[in-house]
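To start, the structure itself, in structure tokens.
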2 protein chains.
Amino acid sequence: MSKTVSQTVSGASTARRRLLDTATRLFYTEGIRAVGIDRIIAEAGVAKATFYNHFPSKDDLVLTYIEELDQQGRDAVSAFPEQPPRAMIAAIMGRISDAVTAGGWRGCPFLNAAAEYPDPNSPVRRAIDGRRAWYHDSLRKHLAANGDPVPSVTASLLVALSDGLLEMAYLDEPEDVPNLVAEALERLLVRP
Amino acid sequence: MSKTVSQTVSGASTARRRLLDTATRLFYTEGIRAVGIDRIIAEAGVAKATFYNHFPSKDDLVLTYIEELDQQGRDAVSAFPEQPPRAMIAAIMGRISDAVTAGGWRGCPFLNAAAEYPDPNSPVRRAIDGRRAWYHDSLRKHLAANGDPVPSVTASLLVALSDGLLEMAYLDEPEDVPNLVAEALERLLVRP
DNA sequence: TCCTATCCAGACAGGTCTGTCTATTTGCAG
DNA sequence: CTGCAAATAGACAGACCTGTCTGGATAGGA
């Protein structure tokens, strides 16, 4: 018991961090199945044995990749200052515009991963399920506070629009997306 | 010149047809990279040499798979009887409800393929581009005829909603989708 | 009947994938 | 200084991948 807290406070094993950063970049930009372990350890500058010391398998690395992205999104939303419900919804949806105009956008990483993981019971798919439930629930609560008569339905429409706009930014014209986000809120939210 | 039209009228080479049907089923349900040629020819009951006689490479088969799905969608829409613009839009979007309630839905095959093809200049991605341009354009024309003041913007919203609802049917609750399609039209289309 | 195109079965080459293992080196805690 | 934990490089096994090739079977048109 009482595992020795011998980790350096800053960084918690840089090898693991570099592996995760490299995997995140490569999985996102090229696809999960398309990127092999050899490539990841080479670009991270880490030995193979070290990799398998930190992650039992590639699937475990993929799951960590998805879970970390999910957590970052939730943290970003948690960090929003309290505002009236409509402003909260606009802030949440505004993250879409920020993400797709930052450059290097290659679609929603969760939808991309789901396309490569057909088994709905796989850990990756379960993590994606959790992410989507959280997103829908966040919107639904703010919509209810905003006086929406059918907050769950409107939340579903906003979830679908979010996914669709993220894909549109990847496949069509990313520069149109911020305006479409604003337009969607204008049309789907109840008048204040 | 004058290539001998010796093909039997019915079926145009059943081996090719079986290969394409098997590939369509496997690519869609399991993913493109996840399915190898050996598996396709085994389940199609076709020899390997025969496969490479009909398709120069696997990527060629993938492209044919995408192009055929695209063509089928366009044909289905072309077959719609002429109706007032709003009914045309409802019919086009109604295909979403039909698709996702038929069973075995695993997401939009074009979005799934795009997730596995990061290169925007690849033939597969170009085919997907064409598909999306056609879909947006179809909606835009009917919206204009319906008196929408900004038909292109509304068309983009409907495209995004279509993509998002197709993913929602895969990842969340498919049974909610038909109602959401109707709700979206109710809220986004101009009053008649 | 014969010819030609198409089919089948399957071996093979050359590459890549994941995961294991050996053997050595580095660096910090006690 | 000693010892242990964690790092390194890289070989290796076993599976799978795409694409080529050989050799033989089948069938329809001239």
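Labels below follow one simple rule: chain letters A, B, ... track the order of the sequence lines, proteins then strands, and each chain is numbered from 1. Source: prediction; values computed, not measured.
- Both A/Ser57 and B/Val46 lie close to DNA chain C; mapped to their nearest nucleotides by heavy-atom distance, the more 5′-ward contact belongs to B/Val46.
- Side chain of A/Lys48, nearest nucleotide from D/dG10, C/dC8, D/dT18: D/dG10.
- Regarding B/Ile41, its CD1 atom lies at a distance of 14 Å from the C1' atom of D/dC16, rounded to whole Å.
- No side-chain donor from either of B/Ser156 and B/Arg140 sits under 3.5 Å from a side-chain acceptor of the other.
- The OH-C1' distance, from A/Tyr52 to D/dG10, rounds to 15 Å in whole Å.
- The distance between atom CD1 of B/Ile37 and atom C1' of C/dG10, rounded to the nearest whole Å, is 16 Å.
- Rounding to whole angstrom units, CZ of residue B/Arg33 and P of C/dT16 are separated by 12 Å.
- Checked against side-chain contact (heavy atoms from CB on, under 4.5 Å), A/Glu175 has the following partners two or more places apart in sequence or in another chain: A/Glu173.
- Between the CZ atom of A/Phe51 and the P atom of C/dC21 there is a distance of 16 Å, given to the nearest Å.
- Nearest to the side-chain atoms of B/Asn53 among the listed nucleotides C/dC7, D/dA7, C/dA9 stands C/dC7.
- Across all their heavy atoms, A/Phe51 and A/Lys58 have their closest contact at CZ-CA, 4.5 Å.
- Spacing between atom CZ of A/Arg39 and atom P of C/dC17 amounts to 9 Å, rounded to whole angstrom units.
- If you check D/dT8, D/dT22, C/dC7 against the side chain of B/Ala49, the one that comes closest is D/dT22.
- Of the residues A/Leu143, A/Val150, A/Asp148, the one that meets the side chain to side chain contact (heavy atoms under 4.5 Å, CB included) test with A/Val190 is A/Asp148.
- Note: NE2 (A/His54) to P (D/dA5) measures 15 Å, nearest angstrom.
- A/Lys58 has its NZ atom 9 Å from the P atom of C/dG19, to the nearest Å.
- Taking only side-chain nitrogens and oxygens, B/Thr50 comes nearer than 4.0 Å to OP1 or OP2 of C/dC8.
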